[in-house]
There are 2 protein chains.
Amino acid sequence: MSLPHAILTALLEKPSSGLELTRRFDRSIGYFWSATHQQIYRELGKLEEAGQIRALPSPVPLRGQKKEYEVLPAGRDELTGWVLRSEDPKPIRDALLLRLRAAAVAGPRAVDAMEAELARHLAMHEAQLAEYLDMERRQFGPGRDSEADRLRHLVLRGGIELERFWTDWLTEALASLRTR
Amino acid sequence: MSLPHAILTALLEKPSSGLELTRRFDRSIGYFWSATHQQIYRELGKLEEAGQIRALPSPVPLRGQKKEYEVLPAGRDELTGWVLRSEDPKPIRDALLLRLRAAAVAGPRAVDAMEAELARHLAMHEAQLAEYLDMERRQFGPGRDSEADRLRHLVLRGGIELERFWTDWLTEALASLRTR
DNA sequence: CATAACATGTAAGCAGTTACATGATTCT
DNA sequence: AGAATCATGTAACTGCTTACATGTTATG
C-alpha cells in the first residue's frame with residue numbers, strides 16, 4: 001500500500017502532471033520505487049477523489065490536456081501518518097536467485113544457460129550503478145547538504161549500494177560457475 | 001509468474017505436502033522466495049490440474065489428511081523451459097527507502113521517528129544475517145561441494161550479501177541521522 | 001475429553017501488469 | 001495532410017494478502 005505515498009512524496013517535492021510523474025518514476029524516484037503511467041493515473045484519480053490532492057486550476061480540463069496536481073493538507077497528514085507508523089521489511093522474492101536454484105535441479109544445460117543470463121544481468125546492473133554514481137556526482141556535489149538533501153542523498157546511497165551488491169554477487173557467481 | 005516454478009524446484013529437491021512446503025518456504029527457500037500457505041495450496045491445485053505434479057497414492061485422501069506431491073515429467077519440462085528463458089531484473093520497490101525520502105518532506109518529527117525505525121530494521125536484518133551465516137556453516141561445510149551444492153551455496157551467498165547490504169546501509173544511515 | 005498442533009482449504013479484496021483507446025500538439 | 005510525440009485514460013487479467021472455515025491427530 002505504498003504507491004499513493006510515493007506519489008504524495010513526489011508531488012510535495014514538486015507539483016506535476018501525470019506524465020511528468022511517470023518520467024520522474026522512471027528516473028530519480030525509480031531508485032526506490034517503480035510505477036507505470038497506468039498505475040499513476042489510476043492512483044491520481046483516487047487521491048483526488050479522497051481529497052488528498054487537487055488539480056491546479058486550468059482553462060481547459062479536457063482529455064489530452066495536461067493536468068497538474070498539488071498536495072492538499074489532508075494528503076500531507078496522510079503521508080506523515082504513514083511515515084510515523086512502523087512497518088516490517090518484506091521478505092525477499094527474487095526471480096534470479098530462484099532460477100539459479102532451479103538450474104541446480106534442472107540439469108547441466110540449464111546451468112550453462114544461467115551463466116549467460118548472469119553475465120547479462122551483470123552488464124545491466126553495472127550500467128545502472130554507473131548511472132546512479134553519475135546522479136550522485138551531479139545532484140549531491142559540495143554545498144548541497146541541507147537536511148532534506150542529506151536524507152535524499154542517503155536514499156540514493158541505498159540505491160547505489162544495492163546495485164553494488166548485485167555487481168559483486170554476480171561477479172562472484174560467474175567466477176564460480178566458470179571454474180567448474 | 002514464479003511461484004509455480006519455486007514450488008516445482010522445491011518438490012524436485014524433495015517431494016512434500018503443502019504444510020511441509022510452507023515450512024520450507026519459511027526457512028531455506030525463504031532466502032530467495034517467500035510464500036504463504038494459502039498461495040501454496042492454491043498453486044498446488046493448479047499444478048496438479050495442469051498435469052505438472054501429482055499427489056502420491058494415499059489410502060485416505062480426505063480434508064485434514066496429509067497429501068504428498070511429486071513432480072511429473074511435464075513439470076520438469078516446464079521448469080527447465082523457464083530457466084532457459086531470459087528475464088530482466090525487476091525495478092526496485094522498497095518501502096523503507098521510500099519512507100525515508102517521504103520523511104524528508106514530512107518534517108523533523110517524521111525524521112525522528114525514522115531514526116527509531118531504522119534502528120529496528122537494523123536489528124532485524126542483523127538477526128537474519130546471523131541466521132543465514134549459521135545455515136551456511138551447517139549446510140555447506142567442508143566436503144559439500146557437489147555441482148548442485150555449489151549452486152545452492154551461491155544462492156545462499158546471495159541472501160547473505162543482501163542482508164549485509166542492509167546492515168551496512170542502515171548503519172551508515174543511522175550514523176548520518178545521529179550527527180545532525 | 002478438552003485442547004493444542006497438524007493439515008488443508010475458501011473467499012474477498014487489493015495491487016500490479018499488459019493491452020488497448022483516444023484526443024491534442026508539433027514537425028515535415 | 002500525415003506522422004510522431006505528448007498526454008490521459010479504460011479494461012481485463014494475474015498474483016498476493018488477509019481473514020476465515022474445517023477436519024484430524026496427538027497430548028495431558
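Lettering follows sequence order; numbering is per chain, from 1.
A:Glu49 places its CD atom 13 Å from the P atom of D:dG9, with the value rounded to the nearest Å. A straight line from OH of A:Tyr69 to P of D:dA7 spans 14 Å, rounded to a whole angstrom. Between the CG atom of A:Leu44 and the P atom of D:dA7 there is a distance of 14 Å, given to the nearest Å. The separation between B:His5 atom NE2 and D:dT14 atom P is 15 Å, rounded to whole Å. Atom CD1 of A:Ile7 is separated from atom P of C:dG16 by 10 Å (rounded to the nearest Å). The NZ-C1' distance, from B:Lys46 to C:dT10, rounds to 14 Å in whole Å.
For the pair B:Val83 and A:Ala110, the tightest heavy-atom approach, listed with the atom from each and the gap, is CG1-CB, 3.7 Å. Residues B:Ser17 and B:Glu68 come closest through the heavy atom pair N-OE2, 3.9 Å. Closest heavy-atom contact between B:Tyr41 and B:Leu19: OH-N, 3.3 Å.
Side chain of B:Arg85 to backbone of B:Thr80: no donor-acceptor contact under 3.5 angstrom is found. Using modelled atom types, no side-chain atom of A:Ser176 and backbone atom of A:Glu172 make a donor-acceptor pair closer than 3.5 Å.
The stretch residues 34-41 of chain B comes close to DNA chain D through B:Gln38, B:Gln39, each having a heavy atom under 4.0 Å from the strand. Within residues 80-95 of chain B, the residues having any heavy atom closer than 4.0 Å to DNA chain C are, in order of number, B:Arg93.
At a threshold of 4.5 Å between side-chain heavy atoms, the hydrophobic network of Ile, Leu, Val, Met, Phe, Trp and Tyr places A:Met124 and A:Met135 in two separate groups.
B:Lys66 has no side-chain polar atom (N or O) that falls below the 4.0 Å cut-off from OP1 or OP2 of D:dT25.
Interatomic distance, CG of B:Leu47 versus CD of B:Glu49, reported as 10.5 Å (0.5 Å rounding).
Counting atom types as modelled, B:Arg42 pairs a side-chain N or O with a base atom of D:dT17 as donor and acceptor under 3.5 Å.
A residue-by-residue look at A:Leu3 and B:Ser17 shows that B:Ser17 has its nearest nucleotide of DNA chain C further toward the 5' end. When each of B:Leu19 and A:Glu43 is assigned the nucleotide of DNA chain C bearing its nearest heavy atom, the one mapping closer to the 5' terminus is B:Leu19.
Shown here is B:Arg76, whose CZ atom has no more than 12 heavy atoms of other residues, nucleotides or ligands within 6.0 Å.
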Between A:Leu96 and B:Phe32, is a side-chain contact (heavy atoms from CB on, under 4.5 Å) present by the stated rule, with each step listed?
-> CA-CA 9 Å; A:Leu96 188 63; B:Phe32 56 89; over 6 Å; no
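For A:Arg23, the side-chain atoms get nearest to D:dA7 when compared with the rest of C:dG16, C:dA7, D:dA7.
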